[in-house]
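What you are looking at is a predicted structure, and each value in this text was computed from that prediction instead of being measured. Just so you know, ligand 1 is whichever comes first in the structure, and atom 1 is the first atom listed for that ligand. The first residue of the sequence shown is numbered 1, and numbering continues consecutively from there.
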Amino acid sequence: MNTKLKKLFQNGLFFFIVATILLWAKSYLAFKFSFSLNIENTFQEIILFITPLGSILFFLALSFLFSKKKRMKAFMTLYFIMSFVLFANVVYFRFFNDFITIPVLMQYKNFGQLGGSASELMGAMDILLWADFIVLLVWAIVKRTELTLSIRKRSIGLIFAAAIMALAVNLGMAESERPQLLTRTFDRAMFVKLMGVYNFHLYDTVMTANTQKHRVFAESSELSEVRNYLHTQKGDPGKYFGEAEGKNVVMISMESLQNFVINYRVNGEEVTPFLNDLIEDKNSLYFSNFYHNTGQGKTSDSEFIIDNSLYGLPRGAVFTTNSGNELNATPEILEKEGYSSAVFHGNNDSFWNRDVMYETLGYDTFFSKAQYDVTEDISVNYGLKDIPFFEQSIPKVKSLEEPYYTRFITLTHHYPFTLNKEADKMIEQTNTGDGTVDRYFQTARYMDESLKKFFQSMKDAGEYKDTVFVFYGDHYGISENHNRAMSEIMNEEIRPFEHTQLQRVPLIIHSPGLEGKKMDTIGSQIDLKPTILHLLGKETEDDIQFGTDLLAENRENIAILRDGSAISEEYLYAGEDDVCYDKATQWEVDNSKCEEIQNKAQTELNLSDKVVYGDLLRFKDEEEQLESTPKEEKQQKE
Ligand code: GP9
Ligand code: MN
């Protein structure tokens, strides 16, 4: 070997650069070929390519924090760890189509499923994932006397600077591709696609530590505090109690549907002809003052709120941050009454961590994208279009054991509200000039059509007679960024008052034989759990729940939104803007008028957050044991 080359192989900086390139190339290839990340455009392709660099530079450079003697060992250990993380994810992905998270590692029953076959899951090709490590190891051993990682301080500084720059560029590109990627944490696949697998683990660690911190400091006495508050709530079962006893439940989550579209017309044509007719049906209960309570967790928040009658969190999505909590959700409660349960949705199962959370909620089955025939032709935006989604769902419903509790999550009427086939565009767009608002009505019309078809198919399949249908809007679709266009649509200025009123979503409960009416009761998604359970004839007075039965006669007319807003019969408090309105005049009034509902909102949201952050429902068993001890002792004495 000529001396120049020899020198090169003894050069620490050269070693570092080669190692970085090897790990970078390996990571990129694994991201690209081992994970199905669904790259949608060239920009995402570029992100995927640069994404491993920042974290690799950063982690490998940590070895420079060690003394010169230990540096090479530290470096090789870090390199090994990163290779192992990648390798473990590749193997795990093959089986679960998902990435490893700390909560999943802790509930290692997941690995139980892998059984003794972990080795079978590894292919011959996986050896290649270690080839680079072996090369570097041999190099380091052969050259151990001459090769040290003692490089100039300035170079070390430059490496760290490059790492931080690469990370910043990556983050900037990822945020522009998917705003609020970090704050909302919706999808692991999306995160890995835009930030890489190493950053994902870092992020996951921080999130898990944060959740654990709250949990560790929580005490069982806090649950009594919650109970004391809940005792002041009224919502005795009303005359509808047991009206739907033993029936199946079909909940339909209507994506982004706000109540203002009900009976709205575009060029004389109804946007939701099916829902409008359904509302008029003698067997339908329609609630026109029903609000969503969701926060950043959007659809997943609505699911959490509805199944638990607890609020979502002020930041992030409970589905991702607290999926290990002890809960007492509707599927679990109904299981004891002989119900089976299932969720139907045409998107990836890991989106919103649903695959994990549904187990926590007690669902028996989750029919997600993988269980549907999904082709490009019948997809738009996030996944399967609503019409084929419902069509393909019918045989799946028929396969369920009755009675069942189910939720169908629609998807097509989702931001950016696009349709890719002329035939799907059943009405014209509005023409406010704001594309989002203008398209909104068209996708809403498409969804309405899918609901109509589904309803008819359920009748044809004989699944109608013994079923309660609950149609609800999951959250807003038009944010306040579109106030200008919305004021044109609504023919009024959008002040905080109107903005808050726009948070109303449709709620229709329909069942053959049910006495229908139009209700102006003020309520929100938090109230659905007791409402449904009471309809099914199940008492809920011992449940930790913040909602009250919407059909109860003595309930307080109130809705509390996640941003602290509160709406009663007389007043509306707009939380974000801190203004109070008199509902009758719609005029701004002194804040003191709203003090009572504002305080109630704060108390209730805080208590609910305590329950979720502290995982307080795990103390319920303790409570129950305390209650039952005297009885058992008595029995023993007898
Ligand atoms: C994704 C769908 C939409 O699977 O539920 O989620 P969103 O963005 O509305 O929360
Ligand atoms: Mn949604």
Side-chain angles (χ1 to χ4, degrees), residues 38 40 97-98 177-191 193-194 251-259 261 291-307 311-313 315-321 323 342-358 361 363 366-372 374 379-386 388-390 393 406-418 436 439-440 443-444 446-447 450-451 471-479 481 502-507 524-525 528 562:
N38 190 17
E40 293 152 28
N97 209 358
D98 200 351
E177 186 65 13
R178 197 63 165 107
Q180 296 183 308
L181 182 73
L182 294 194
T183 41
R184 288 185 57 205
T185 40
F186 21 91
D187 189 13
R188 280 187 284 281
M190 179 109 61
F191 196 104
K193 177 161 85 176
L194 301 177
M251 314 261 288
I252 296 152
S253 161
M254 302 186 288
E255 180 58 49
S256 303
L257 198 70
Q258 290 168 243
N259 199 57
V261 296
Y291 296 76
H292 77 84
N293 317 96
T294 64
Q296 291 182 323
K298 304 299 273 302
T299 312
S300 70
D301 273 0
S302 72
E303 299 181 57
F304 179 82
I305 296 161
I306 289 170
D307 276 349
Y311 291 92
L313 294 175
R315 247 170 306 102
V318 214
F319 262 45
T320 42
T321 57
S323 60
V343 181
F344 301 74
H345 186 42
N347 191 7
N348 290 339
D349 64 350
S350 70
F351 203 100
W352 285 132
N353 200 25
R354 285 186 172 110
D355 49 349
V356 176
M357 190 57 169
Y358 286 165
L361 294 174
Y363 280 98
F366 177 21
F367 298 101
S368 68
K369 194 175 192 168
Q371 278 79 45
Y372 287 84
V374 185
S379 306
V380 73
N381 212 346
Y382 276 90
L384 187 57
K385 288 195 227 178
D386 294 342
F389 162 68
F390 279 125
S393 296
T406 53
R407 178 163 59 248
F408 294 76
I409 306 171
T410 63
L411 199 51
T412 310
H413 183 44
H414 190 286
Y415 179 84
F417 312 113
T418 40
T436 302
R439 289 188 303 273
Y440 183 84
T443 43
Y446 172 88
M447 174 169 65
S450 77
L451 300 175
F471 293 84
Y472 68 91
D474 65 348
H475 49 75
Y476 70 80
I478 305 285
S479 74
N481 298 338
L502 279 172
Q503 304 315 306
R504 282 177 294 189
V505 294
L507 170 66
S524 59
Q525 290 167 336
L528 266 180
R562 184 61 256 191

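- Remark: ligand 1 and Thr299 share an N or O pair separated by less than 3.5 Å (distance only, no angle test).
- Stacking of Lys298 on the aromatic ring of Tyr476 is recorded, both the 6.0 Å distance cut-off and the 45° axial limit being met.
- For Arg562, the side-chain hydrogen bond (donor to acceptor under 3.5 Å, both in side chains) criterion is met by Asp609, not counting sequence neighbours.
- When non-hydrogen atoms are compared, ligand 1 lies under 4.0 Å from the side chain of Asn347 (C-beta onward) but not from its backbone.
- Looking at Thr412 and Asp386, their side chains do bring a donor and an acceptor atom within 3.5 Å of each other.
- If you check each of Glu303, Arg354, His413 against atom 5 (O) of ligand 1, the one with the closest non-hydrogen atom is Arg354.
- Below 4.0 Å from some heavy atom of His345 lie the following atoms of ligand 1, by number and element: 1 (C), 2 (C), 4 (O), 5 (O).
- Remark: of the listed residues Met190, Arg188, His345, Lys369, Met190 is the sole one forming a side-chain contact (heavy atoms from CB on, under 4.5 Å) with Phe351.
- Taking every heavy atom of His475 and a limit of under 4.0 angstrom, the matching atoms of ligand 1 come to 9 (O).
- Asp349 is linked by a side-chain hydrogen bond (donor to acceptor under 3.5 Å, both in side chains) to nothing, counting only residues two or more places apart in sequence or in another chain.
- Under the 4.0 Å criterion applied to side-chain N and carboxylate O atoms, Glu177 and Lys193 are not assigned as salt-bridge partners.
- Neither the backbone nor the side chain of Asn348 has a heavy atom within less than 4.0 Å of ligand 1.
- Taking only nitrogen or oxygen atoms, main chain and side chain alike, His414 reaches within less than 3.5 Å of ligand 1.
- Close contacts of ligand 1 with Glu255, meaning ligand atoms under 4.0 Å from a residue heavy atom, involve 3 (C), 9 (O).
- Shown are the protein N/O/S atoms under 2.8 Å from the Mn ion (ligand 2), given by residue and atom: Glu255 OE1, Glu255 OE2, Thr299 OG1, Asp474 OD2, His475 NE2.
- Ring geometry, Phe417 versus Tyr415: the interplanar angle exceeds 60°, so the pair is classed perpendicular (tilted spans 30 to 60°).
- Here is the list of ligand 1 atoms found below 4.0 Å of a heavy atom in Phe351: 1 (C), 4 (O).
- Checked against a 3.5 angstrom limit, the closest N/O atoms of Trp352 and ligand 1 fall inside it.
- Using a 3.5 Å distance cut-off with no hydrogens or angles, the side chains of His475 and Gln503 do not pair a donor with an acceptor.
- Looking only at side-chain heavy atoms (C-beta outward), Asn259 and Val261 stay at 4.5 Å or farther from each other.
- Scanning all heavy atoms of the two residues, the minimum distance from Ser256 to Tyr440 falls at O-OH, 2.5 Å.
- Note on ligand 1: Tyr415 sits outside its first shell, no heavy atom being nearer than 4.0 Å.
- Residue contact check: Lys298 has heavy atoms under 4.0 Å from atoms 7 (P), 10 (O) of ligand 1.
- Relative ring orientation between Tyr358 and Phe319 is described as perpendicular, the plane-to-plane angle rising above 60° on a 0-90° scale split at 30° and 60°.
- For the side-chain hydrogen bond (donor to acceptor under 3.5 Å, both in side chains) test, residues two or more places apart in sequence or in another chain that qualify with Ser393 are Tyr372.
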